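Model, not experiment: these values are computed from the prediction. Positions are given from 1, in the same order as the sequence printed here.
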Amino acid sequence: MTLQAPKMGRNCQRFCSVIVAWSCLCFVVFQVVIHKTPNQYSAPSINSRYLLEKLTDPPGTTSKTEEKEFTDTDDEEDVLNIDTSPALSELETATFLQRKLHNLPYEFYVRFKYHVFSKNHSCSHFPSIYDIKFNNIYWQELITSNGTFFLYGAYYDNRPLSSIGPSIRVLGLIDRIEPTVPTYCQMWYQASQDPVVTKVLEYKYMWNKKWGNYKQGVLQPYLITCKIPDPLKGIPPVSVSLVQKPCDAARTNLRVINDRPEKKGKFAVCVKGLDFLDVDLSVRLIEWIELLSILGAEKIFLYELEVHPNISKALKYYENLGRVVVTPLTLPGDLPNFPGLRHHFLKTKITNKRQNELIPYNDCLYRNLYSYEHIALLDTDEIIMPLQTNNWNELMEIILRKAFIKGNYTRASYNFRNVYFWDDAKHSYHGWNPEIPKYMHMLQHIHRSVNYTKPNQYVKCFHNPERVLTLHNHFPLSCLEGQCTSYPVETDDAHLQHYRADCVTSLRKSCETEFKQNTTEDVNVWKYKDELISRVNETLSVLGFFKDR
């Protein structure tokens with residue numbers, strides 16, 4: 001063992017010498033590299049190199065890396081069909097939602113929400129959007145000690161013929177016959193102050209008990225009226241809440257609609273909730289819209305429950321052109337709203353359907369009180385057809401002249417007799433007209449019943465918004481001057497062309513003998529043939545509804 005000790009010591013010395021020499025060599029090489037490349041740096045990532053280049057680039061220059069990054073982004077946008085628009089601000093979101101929820105004072109709330117809980121309240125504070133008891137998106141619910149209210153819209157009414165002066169009208173359904181519960185309108189002029197409170201003046205029933213469903217517990221249509229106090233005459237509130245006691249914390253808050261264009265239009269058309277779940281009537285709808293436009297309808301207001309995707313596509317096209325307004329709609333309360341189930345309910349419960357339809361009809365009236373001289377409530381299979389003139393404006397000149405001869409006063413409405421134009425899939429009455437595309441339904445169906453339905457039955461009207469208070473599908477229900485006056489238009493001047501496969505249910509027993517067996521050819525619609533075909537074809541082409549030819 002003693003003989004090996006010197007050998008081990010020498011080995012350790014050699015190893016240490018090698019380590020020291022290697023370290024010195026590495027130090028020398030490192031120093032040489034550093035001094036030869038003083039401005040070089042290493043970067044572990046593109047982002048850090050980008051930041052360093054931004055610090056060293058002269059002002060106003062763009063680095064190569066930056067150019068590459070922008071090029072990458074542009075390439076990505078070229079490849080991907082995505083929405084790159086910036087997120088909406090709070091106020092932009094409020095404007096967007098206000099258009100979607102026309103009966104909600106959302107935009108006002110967003111602008112003044114920090115004033116809602118002001119110390120200036122001694123009665124009640126302006127209800128937050130999140131205080132509202134919503135029902136099925138578009139309705140607001142008020143539960144009272146004697147009945148539940150489902151409110152849809154509120155409107156400012158200062159028409160000169162109103163005997164009560166300026167007022168707020170509220171449309172809704174109540175599950176009571178002749179409601180007796182006292183309620184109050186809280187009218188909101190500012191978010192920071194107490195509301196102006198007035199008692200509900202009237203529950204105006206928009207139905208006739210002879211038509212059915214006249215029983216407690218079934219939702220009934222009403223127009224609710226609150227008078228605006230004299231000191232505030234001429235000043236519409238921003239919104240209104242309906243409550244049971246004057247200073248109750250409100251769970252409803254409806255924006256008060258008071259639209260007044262600079263210039264009043266002539267004619268508008270209102271259409272009840274469309275319910276075409278699985279039937280593609282888009283081409284027939286396009287023909288109908290274009291013919292109404294030719295006749296003089298300046299805008300068509302439609303309410304939509306559920307429709308085929310092609311119908312939605314067509315309506316959106318016309319909405320973008322500013323020719324129609326489509327308002328989505330649901331049923332209130334515990335009525336079904338699931339697609340398909342709602343459709344079946346409306347086909348089965350006809351009286352409930354008719355009662356619910358009065359809400360969109362009258363909403364359309366009150367949203368346009370000051371916008372049009374005449375409003376017509378039409379279904380998409382109906383046309384008011386002038387027979388001696390070319391359009392509605394010329395027609396009304398004749399009607400007004402004749403009406404004043406019979407009585408020197410202005411009528412609340414002008415009604416048109418109903419006549420059936422038969423939808424016959426087999427075209428047993430006639431063949432196809434080769435000069436007209438087969439898809440032009442009204443132009444191809446020119447055979448009608450000789451007999452009209454009886455006067456005042458199944459008529460449609462031009463209504464005068466300055467005089468009517470509530471509307472039914474066929475005629476005014478109530479008017480501002482008391483009894484409604486309606487002028488029956490002579491069938492030589494115009495009539496209501498109703499395109500159907502059969503009579504309405506109440507006429508089914510006599511339909512064959514009274515209407516179907518005695519027909520005549522009526523080609524009055526052909527005077528619009530060339531323009532109508534051109535318009536429809538253009539729209540079908542834009543929408544891509546033609547197959548590749």
Can you tell me if [X] uses its side chain to pair, donor with acceptor, with the backbone of [Y] under 3.5 Å?
{"X": "Trp139", "Y": "Thr330", "value": "yes"}
{"X": "Asn135", "Y": "Gln140", "value": "no"}
{"X": "Asn362", "Y": "Leu171", "value": "no"}
{"X": "Lys516", "Y": "Ser510", "value": "no"}
{"X": "Gln444", "Y": "Ile436", "value": "yes"}
{"X": "Glu357", "Y": "Asn352", "value": "no"}
{"X": "Tyr366", "Y": "Leu469", "value": "yes"}
{"X": "Arg417", "Y": "Thr453", "value": "yes"}
{"X": "Arg411", "Y": "Ala403", "value": "yes"}
{"X": "Arg467", "Y": "Leu161", "value": "no"}

State, without any angle test, whether [X] and [Y] hold a side-chain donor-acceptor pair at a distance under 3.5 Å.
{"X": "Glu304", "Y": "Thr327", "result": "no"}
{"X": "Asn253", "Y": "Ser239", "result": "yes"}
{"X": "Asn258", "Y": "Arg260", "result": "yes"}
{"X": "Asn518", "Y": "Asn451", "result": "no"}
{"X": "Asn103", "Y": "Tyr138", "result": "no"}
{"X": "Asp363", "Y": "Tyr155", "result": "yes"}
{"X": "Thr148", "Y": "Glu141", "result": "no"}
{"X": "Asn393", "Y": "Asn391", "result": "no"}
{"X": "Ser449", "Y": "Trp422", "result": "no"}

- Query: Is the Tyr499 ring parallel, tilted or perpendicular to the His441 ring (thresholds 30°, 60°)?
  - Reply: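 Plane angle over 60°, so perpendicular.
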- Query: Should the ring pair His374 and Tyr414 be called parallel, tilted or perpendicular, given that the plane angle runs from 0 to 90° and is split at 30 and 60?
  - Reply: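 Geometry flag for Tyr414 against His374: perpendicular rings.
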How about [X] and [Y]: do any of their side-chain heavy atoms sit closer than 4.5 Å?
{"X": "Val459", "Y": "Asn418", "value": "no"}
{"X": "Arg500", "Y": "Asp381", "value": "yes"}
{"X": "Leu101", "Y": "Tyr106", "value": "no"}
{"X": "Ile289", "Y": "Ile300", "value": "yes"}
{"X": "Leu242", "Y": "Val200", "value": "yes"}
{"X": "Ser478", "Y": "Met206", "value": "no"}
{"X": "Ile399", "Y": "Arg401", "value": "no"}

- Message: My understanding is that only residues two or more places apart in sequence, or in another chain, count here; which of them pass ring pair (Phe, Tyr, Trp, His ring centres under 6.0 Å) with Phe475?
- Response: His472
- Item | With Phe276 via ring pair (Phe, Tyr, Trp, His ring centres under 6.0 Å) - residues at least two apart |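 Ring pair (Phe, Tyr, Trp, His ring centres under 6.0 Å) list for Phe276, sorted by chain: empty.
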Between [X] and [Y], what is the shortest heavy-atom contact and its length?
{"X": "His344", "Y": "Thr348", "value": "O-OG1, 2.8 Å"}
{"X": "Leu477", "Y": "Leu471", "value": "CD1-O, 3.9 Å"}
{"X": "Trp207", "Y": "Gln220", "value": "CD1-OE1, 4.4 Å"}
{"X": "Leu104", "Y": "Arg255", "value": "C-CB, 3.7 Å"}
{"X": "Thr410", "Y": "Asn464", "value": "CG2-ND2, 3.6 Å"}

- Which is it for Val271 and Tyr303 under the side-chain contact (heavy atoms from CB on, under 4.5 Å) test, yes or no, and what are the steps along the way? CA-CA 6 Å; Val271 185; Tyr303 294 78; over 6 Å; no
- Item | Tyr203 and its side-chain hydrogen bond (donor to acceptor under 3.5 Å, both in side chains) partner, picked from Thr225, Thr183, Thr180 | Thr183
- Criterion side-chain contact (heavy atoms from CB on, under 4.5 Å) on Leu443 and Val525, from CA distance to verdict: CA-CA 7 Å; Leu443 290 179; Val525 70; 4.0 Å; yes
- Message: Here's a test for you: under ring-ring contact (aromatic ring centres under 6.0 Å, His included), which of Phe416, Tyr420, Tyr452, Tyr458 qualifies with His495?
- Response: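 Single ring-ring contact (aromatic ring centres under 6.0 Å, His included) partner of His495 among Phe416, Tyr420, Tyr452, Tyr458: Tyr452.
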- Message: Out of the candidates Tyr372, Phe301, Phe462, only one should pair with Phe267 under the ring-ring contact (aromatic ring centres under 6.0 Å, His included) rule; please name it.
- Response: Phe462
- Query: Yes or no on salt bridge (charged side-chain N to carboxylate O under 4.0 Å, His left out) for Lys227 and Asp230, after CA distance, side-chain angles and deciding distance?
  - Reply: CA-CA 9 Å; Lys227 187 180 186 309; Asp230 289 344; 3.3 Å; yes
- Query: Does NZ or CZ of Arg323 fall inside the cone over Tyr318's six-membered ring, less than 6.0 Å from its centre and within 45° of the axis?
  - Reply: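 Pair Arg323/Tyr318 does not count as cation-pi.
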- Message: I want to check a possible cation-pi pair here: Lys266 against Trp392, using under 6.0 Å from ring centre and within 45° of the ring axis as the test.
- Response: no
- Can you list the steps and then say if Glu287 with Arg284 is a salt bridge (charged side-chain N to carboxylate O under 4.0 Å, His left out)? CA-CA 5 Å; Glu287 183 186 17; Arg284 286 188 61 173; 6.0 Å; no
- Query: Does the pair Tyr222 and Tyr205 meet the rule for a ring pair (Phe, Tyr, Trp, His ring centres under 6.0 Å), with working shown?
  - Reply: CA-CA 5 Å; Tyr222 287 93; Tyr205 193 39; 5.3 Å; yes
- Query: Taking it one step at a time, do Lys264 and Glu373 satisfy salt bridge (charged side-chain N to carboxylate O under 4.0 Å, His left out)?
  - Reply: CA-CA 7 Å; Lys264 183 179 285 191; Glu373 293 180 11; over 6 Å; no
- Task: Check the pair Asp379 / Lys272 against salt bridge (charged side-chain N to carboxylate O under 4.0 Å, His left out), numbers first and verdict last.
- Result: CA-CA 7 Å; Asp379 293 336; Lys272 64 190 178 189; 3.6 Å; yes
